[in-house]
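First up is the structure itself, then whatever we jot down about it.
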Amino acid sequence: MTFISKRVIVIGGGVAGLLASVTAASHGASVILLEKMNRVGLKMGITGKGRCNLTNAAPMMEFIKKTPGNGKFLFGAYKRFFHDELLSLLHDWGLSTKVERGGRIFPLSDDAQEVRHLFMRLLEKKGVELHLEEGATHIEIADGQVSGVRTLKNFYPADAVILCTGGQSYPRTGSTGDGYRLAAELGHTITPIRPALVPLVCEESYCKELQGLSLKNVTLSLSAGGKRKTQEFGEMLFTHFGVSGPIVLMQSDQVSLWLSEGYEVKGEIDLKPALSEDVLDKRILRDLKTYHLKQMGNALLDLLPHSLVPVVLRLAHISAEKPVAELTKKERISLGKVMKHLPLSIKKTRPIDEAIVTAGGVSVKEINPSTMESKLVKGLYFAGEVIDVHALTGGYNMQAAFSMGHLAAESATEGQE
Ligand SMILES: Cc1cc2nc3c(=O)[nH]c(=O)nc-3n(C[C@H](O)[C@H](O)[C@H](O)COP(=O)(O)OP(=O)(O)OC[C@H]3O[C@@H](n4cnc5c(N)ncnc54)[C@H](O)[C@@H]3O)c2cc1C
């Protein structure tokens with residue numbers, strides 16, 4: 001009896017597609033990986049500021065919580081292949097990893113390229129047929145079942161197709177949203193695409209004045225229509241257009257949603273969240289006594305970063321030249337208020353090109369979460385950001401893409417071994 005390998009075509013050699021290709025080949029399938037760029041894993045190579053935050057040590061429920069975009073859809077993939085399974089595979093393949101603050105897991109080398117190169121070697125070792133600079137243009141179906149994939153150069157017959165084309169952010173890495181069109185052509189619903197994990201554009205001109213200033217241990221509160229609220233404590237950054245940094249990105253998904261619903265989004269930064277207004281007032285009073293012979297512009301440097309002092313004074317309507325001794329109680333109270341409630345008005349998010357992840361995509365309602373197979377087309381599987389799933393920062397997005405890629409490949413090759 002001759003043994004016939006299943007022909008599996010993986011579209012997109014990113015995080016999900018690389019693991020899907022290697023997994024399908026390990027299960028004995030004959031795998032073709034189509035990648036439109038001239039290299040695989042371009043986005044993988046810039047993840048985690050070039051250090052690649054592979055996953056997180058958090059328990060599964062925390063992953064689901066940190067995945068505001070359809071987290072529960074991932075239970076099936078996580079039950080089959082979670083961080084322990086991923087790390088054990090990576091370790092077996094020779095990659096050493098380390099756990100950092102917040103449970104974030106990185107390669108020991110701090111080098112995302114090491115992970116990329118590992119997958120490139122694995123593709124070769126497992127006999128995956130890699131076609132670079134060959135983007136999929138159509139997925140062909142016959143009798144409700146995938147029959148192959150068309151590119152501008154060729155037609156490749158297939159028993160199963162795994163669509164892993166990523167989202168629409170950072171298009172220079174190849175994720176230009178092709179997958180949405182490919183899936184829509186086959187009847188799949190694409191939920192509205194919008195940026196998630198993205199810097200925010202603010203109206204206040206002081207942001208530009210403060211560009212480059214990073215604030216640690218502050219609280220950023222944002223609200224829409226006065227009701228809907230989010231709040232995060234940690235680190236943020238001023239830029240020439242507004243704000244960015246961890247606690248901004250964390251809340252940006254919510255802000256992007258509010259803005260898309262037409263709400264006005266307002267915010268405030270508490271520069272001294274550890275101090276109540278009363279305690280802060282006493283602290284200001286103490287500093288003013290210490291610097292009673294100076295002008296206001298030189299009296300707050302123990303409390304605030306240098307570049308923030310003129311901004312806070314201006315917002316409190318106090319001249320930087322005003323002698324400390326002449327400051328009124330009312331002015332002092334107003335100074336404390338500005339430090340506790342530095343105002344921000346959010347105009348919009350930065351464009352999707354600059355978003356870390358894309359919200360929206362192929363509707364999860366049309367994908368079987370236990371197999372990743374399309375409910376509309378037999379033999380068509382999805383994995384990664386092309387699906388309407390997105391998570392917060394911390395390694396959650398890569399783990400989601402790895403888990404879905406692994407599950408899709410296992411399902412696509414079922415009965416093969
Ligand atoms: C700057 C940045 C930093 C990030 N850092 C982290 C991090 O540290 N940790 C984390 O968890 N997440 C991080 N993310 C998010 C993470 O990179 C993505 O969620 C993840 O790459 C999604 O994997 P994917 O395989 O779905 O898509 P991608 O990795 O984007 O791969 C999609 C692939 O499909 C290819 N493709 C597209 N269309 C076609 C076509 N028609 N034919 C053939 N190929 C096609 C693309 O060229 C690309 O290679 C980061 C994202 C960015 C932008």
Side-chain angles (χ1 to χ4, degrees), residues 9-21 32-56 63 66-67 69 83 86 100 102 104-107 110 112 115-116 119 130-139 149-153 156 161-183 185 195-199 244 246 249 352-359 361-362 372 382-406 408:
I9 297 184
V10 178
I11 306 177
V15 177
L18 286 169
L19 187 60
S21 301
I32 293 178
L33 170 58
L34 297 174
E35 168 53 55
K36 72 190 268 190
M37 304 302 276
N38 63 3
R39 277 175 288 168
V40 291
L42 279 176
K43 192 174 276 179
M44 179 188 262
I46 57 163
T47 50
K49 298 196 174 117
R51 297 203 303 129
C52 192
N53 183 189
L54 290 158
T55 183
N56 198 290
F63 269 71
K66 292 276 167 64
T67 307
H83 51 22
L86 173 67
E100 291 193 0
R104 292 163 193 251
I105 298 180
F106 292 88
D110 280 330
V115 189
R116 237 190 99 232
F119 275 102
L130 173 63
H131 294 242
L132 291 172
E133 294 182 298
E134 196 169 350
T137 52
H138 297 286
I139 299 168
V149 177
R150 207 165 279 289
T151 70
L152 287 179
K153 295 183 191 160
Y156 300 94
V161 171
I162 309 177
L163 187 62
C164 312
T165 42
Q168 204 170 302
S169 52
Y170 275 65
R172 67 189 157 88
T173 64
S175 50
T176 49
D178 290 9
Y180 306 136
R181 182 186 54 76
L182 291 169
E185 268 180 7
L197 301 185
V198 66
S244 187
L249 296 182
I352 195 159
D353 294 18
E354 294 175 31
I356 302 288
V357 287
T358 305
V362 179
M372 305 306 293
F382 296 95
E385 214 177 303
V386 70
I387 301 176
D388 181 8
V389 167
H390 66 276
L392 301 181
T393 55
Y396 305 106
N397 283 298
M398 282 190 82
Q399 178 68 56
F402 279 132
S403 293
M404 289 189 265
H406 194 273

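Indexing begins at 1, ligand by ligand and atom by atom, following the structure's order.
At least one N or O atom of Lys36, backbone or side chain, sits closer than 3.5 Å to an N or O atom of ligand 1. Checking only distances, Thr176 never comes within under 3.5 Å of ligand 1, N or O to N or O. The N/O atoms of Ala136, backbone and side chain alike, include one that comes under 3.5 Å of an N/O atom in ligand 1. For a threshold of 3.5 Å applied to N or O pairs, the pair formed by Gly48 and ligand 1 contains at least one separation below that value. Inclusion of Cys52 in the set of residues having an N or O under 3.5 Å from an N or O of ligand 1 is not warranted. For ligand 1, none of its N or O atoms has an N or O atom of Gln399 under 3.5 Å away. Looking at ligand 1, you'll find an N or O of Asp178 within less than 3.5 Å of one of its N or O atoms. Taking distance alone, with nitrogen or oxygen atoms compared against 3.5 Å, Ala355 stays at or beyond that limit from ligand 1. Considering backbone and side-chain atoms alike, Glu385 places an N or O below 3.5 Å from some N or O of ligand 1.
The atoms of ligand 1 that sit less than 4.0 Å from any heavy atom of Gly174 are 36 (N), 37 (C), 38 (N), 46 (C), 47 (O). Close contacts between ligand 1 and Gly384 involve ligand atoms 26 (O) [criterion: under 4.0 Å to a heavy atom]. Near Cys164, with a cut-off below 4.0 Å to any heavy atom, the atoms of ligand 1 are 32 (C), 33 (C), 34 (O). For ligand 1, the atoms sitting less than 4.0 Å from at least one non-hydrogen atom of Met37 are 47 (O), numbered in the order shown with element in parentheses.
Under a 3.5 Å cut-off, the side chain of Asp353 and the backbone N or O of Pro171 do not form any donor-acceptor pair. Looking at Lys66, its side chain never comes within 3.5 Å of a backbone N or O of Gly395 through a donor-acceptor pair.
No part of Leu42 comes within 4.0 Å of ligand 1, judged by heavy-atom distances. Residue-level proximity to ligand 1 for Met398 is carried by backbone and side chain together, each with a heavy atom below 4.0 angstrom.
Of the protein's non-hydrogen atoms, Val15 CB, 3.6 Å is the one closest to atom 23 (O) of ligand 1.
Aromatic ring pairs are classed by plane angle as parallel below 30°, tilted from 30° to 60° and perpendicular above 60°; the pair Phe63 and Tyr396 is perpendicular.
For the pair Ser175 and Glu385, the minimum side-chain heavy-atom distance is 4.5 Å or more.
Residues Thr173 and Leu42 approach most closely at O-CB, 3.8 Å, considering heavy atoms.
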